[in-house]
Protein chains: 2
Amino acid sequence: MRKSGVTISDVARKAGVSASTVSKYLNNIPYVSENTKKKIQAAIDELNFQPNIIARSLAKQETGYLGLLVPEVNNPFYTDLMQTIEAAAAKKGYYIILANTHGDSERELQLARELGNRVDALIFASATNDSRKLNKLIKENYRFLMVSRHVKEVKASHVIVDGFVGGKMAVEHLIRLGHKKIGHIGGPQRIHQFQDRYLGYQNALKQFGIPENHDWVVFGDPSIQVGYQLAVQLMSLPEKPTALFVGNDTLALGVLEACDNYNWSVPDDLAIVSFDNISFSRLALVPLTTIDSRIGELGQIAVETIVQQLREDTSVLNQHKREIVLKPSLVIRKSCGSL
Amino acid sequence: MRKSGVTISDVARKAGVSASTVSKYLNNIPYVSENTKKKIQAAIDELNFQPNIIARSLAKQETGYLGLLVPEVNNPFYTDLMQTIEAAAAKKGYYIILANTHGDSERELQLARELGNRVDALIFASATNDSRKLNKLIKENYRFLMVSRHVKEVKASHVIVDGFVGGKMAVEHLIRLGHKKIGHIGGPQRIHQFQDRYLGYQNALKQFGIPENHDWVVFGDPSIQVGYQLAVQLMSLPEKPTALFVGNDTLALGVLEACDNYNWSVPDDLAIVSFDNISFSRLALVPLTTIDSRIGELGQIAVETIVQQLREDTSVLNQHKREIVLKPSLVIRKSCGSL
DNA sequence: GTGAAAGCGCTAACAG
DNA sequence: CTGTTAGCGCTTTCAC
């Protein structure tokens, strides 16, 4: 911590007033005469005073920080999300403290407890799906909100995009393009968001009377590497799908890399629609047709919601859970073959 | 801030000791008997006590935070850097507070002063090149270090990659592939790092007796959009270059997008070597041949250096500037045409 | 080994 | 409008 040495009492002394008056001036509390305001400001300027935020936090019992827990810092989806969360937080006067859970649910809970004592509220972009543990956190007085993920039966607000509707839109688009052999590379099914996307896939197939081929449906952690592996796995099958609905863009990047390496043409040999519309999906090996997760709004609404809840009420008891679900939309690029 | 209610005195009371003894236990200060250790731990467990970090910070005059100032949160270069800085910091027991300067030098200085009072040290990934202002910050007792950028005459450590050597390597590779008409799309020349890369370009040309064609050398902010525009500008020239050394991968992504839109083939119509080797460069429209900036080491060394300086000495006066310069290397992929 | 007391720098009633 | 008086919750001498 920086030690500037000059404190509020130094300012008070120099301005010939008391520390509490300086404090009032600093906090814009009315009823400080114009005259003393001038004197105080002059003293502040002269001494180059900067209030000690730590002391203020201790006294006010609030820090001005929001903790952000993500499973991967350089996954483009979380990166895009961080970007908007940082911006929205700055606008509300909050700083973001970043922590990486590495997708490990134990580590996540531990981090939440530690970070939770240093910030006014937490934003989980990553979250254990264990509602008991999460509810315990609430009982221990930790404030948090979940973004892009949700867990049923947890009494905390969340803001997500509709995975079911998005998944359905993606698959309907492929069907409309004439595909019948549509596979799915999805994220871990314990995460509701990925499950919803898969349910949307199933629903679209069913609606068009296409039976689901379980050989073509595989799941894995949403990383580029896993996307690569699962693509190779599917494309080594004796009967291959002609199209794929991929659970998110990160997986799809891996799929594209596999196709590039094995000289499978996208979209001719394999059409792809994925999910999220991260900023790189436009610039990928083959620009991705994808479902827009409205990441910008996700982050912004998350911050606004949590900040509002913080202001409204300090007692958890009166806090009602807010469930915000955004509608996704289809962004058509080259990877699906309709362009 | 979370209000758990239970404080160190509650623990002390329950354990039948004094608060200061509990504090000693918490801070691993020797000379606490095994017996009281047990009692204290039992009380902590029973009460579910978590120390208040803010109070601790105030008393110890240190926060356990490192502030990170970047010009763009979702620029893949900074994203990769953040990733490694977060990891290295976590290993050292520090949290990262993120702030976005939007490349605005005024905002950057203001943020530095504000954030600087909340953290133990700052890491500038973005930095004004005004040595006077930066040195003023030092005089005001702010601790900081610069990563991936440096400013001459500033008495603060930095860790960077050798831009001159890297630029030279890039251009030499293109020359070796037979190119003579080599252009350069570079970053702002007020930033030493981009200037060094350009100097490397010039040096390589000179070494091979190739005169520099100033029509083919353009500069702009290192964004995808600018890369796009500058590429279009160069490729609309009556006499076009056959190869380009691009100042960083972000610019190169824009160049690739332009080439894609205008149906200029990379590398056949235009060979490209860029700089940084961000994680996405492998997955770009055309996988990029690029100079590896060793981002992982950059971040890790930055954190280790600043943490070490923090431990070594609290008085700025005795702090000596460390200048760490990493050697870059060439990563060959498709965009240069030698693959 | 342990505890009492005095802060860290600021805010928040409450008087005046 | 302004100052006095207690804290916020933890650490840190310095006695014992």
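- Checking C:dC8, C:dC10, D:dC10 against the side-chain heavy atoms of B:Gln61 singles out C:dC8 as nearest.
- When rounded to the nearest whole Å, the span between CD of A:Glu62 and C1' of C:dC10 equals 13 Å.
- Residue A:Val32 places its side chain closer to D:dT2 than to any other of D:dT11, D:dT2, C:dG9.
- Contact annotation: B:Ser33 side-chain N/O to C:dT2 OP1/OP2 distance is under 4.0 Å.
- Residue contacts for A:Phe49: at a heavy-atom cut-off of 4.0 Å it reaches the sugar-phosphate backbone alone, with no base atom in range.
- Nucleotide D:dT11 holds its P atom 6 Å from the NZ atom of B:Lys60, rounded to whole Å.
- A donor N or O paired with an acceptor N or O is found under 3.5 Å between the base of C:dA4 and the side-chain atoms of B:Ser20.
- The aromatic rings of B:His192 and B:His150 sit tilted relative to each other, their planes meeting at an angle between 30° and 60°.
- Panel note: side chain A:Asn135, backbone A:Lys155; a donor-acceptor pair is recorded below 3.5 Å.
- What separates CD1 of B:Ile54 from P of C:dT11 is a distance of 14 Å, to the nearest Å.
- Among the protein residues, A:Thr7 comes within range of the sugar-phosphate backbone only, with heavy atoms under 4.0 Å from sugar or phosphate atoms but none that close to a base.
- For the residue pair A:Thr305/A:Ser157, the side-chain donor-acceptor check at 3.5 Å is not satisfied.
- The separation between B:Asn117 atom CG and C:dC8 atom P is 17 Å, rounded to whole Å.
- Between B:Ile8 atom CD1 and C:dG3 atom P the separation is 12 Å, expressed in whole Å.
- Around the NZ atom of B:Lys39, the shell of radius 6.0 Å holds more than 12 heavy atoms that belong to other residues, nucleotides or ligands.
- Put simply, the side chain of B:Leu66 does not reach to within 4.5 Å of the side chain of B:Val119, judged on heavy atoms.
- We find that NZ of B:Lys39 is positioned 11 Å from C1' of C:dG1, with the value rounded to whole Å.
- Here A:Thr36 lies in heavy-atom contact (under 4.0 Å) with sugar-phosphate atoms only.
- Nearest to the side chain of B:Ser23, among D:dT11, D:dC8, D:dC10, sits D:dT11.
- Listed candidates were C:dG1, D:dG7, C:dA12. Nearest to the side chain of B:Tyr31 is C:dG1.
- Ranked by how close their nearest DNA chain C nucleotide is to the 5' end, B:Ala59 and B:Ser18 are led by B:Ser18.
- Following rounding to the nearest Å, A:Asn28 (CG) and C:dA12 (C1') show an atom-to-atom distance of 16 Å.
- Residue-level contact check: A:Val22 touches neither bases nor backbone, having no heavy atom under 4.0 Å from any strand.
- Distances from the side chain of B:Lys24 to the nucleotides C:dT11, C:dT2, C:dA12 place C:dT2 closest.
- Distances from the side chain of A:Asn27 to the nucleotides C:dT11, C:dC10, C:dG3 place C:dT11 closest.
- Map A:Val6 and B:Gly16 each onto its nearest nucleotide of DNA chain C; the residue landing nearer the 5' end is B:Gly16.
- Nucleotide D:dT12 holds its C1' atom 8 Å from the CD1 atom of B:Ile29, rounded to whole Å.
- In this structure, A:Pro188 and A:Asp221 have side chains that are in contact, with non-hydrogen atoms separated by less than 4.5 Å.
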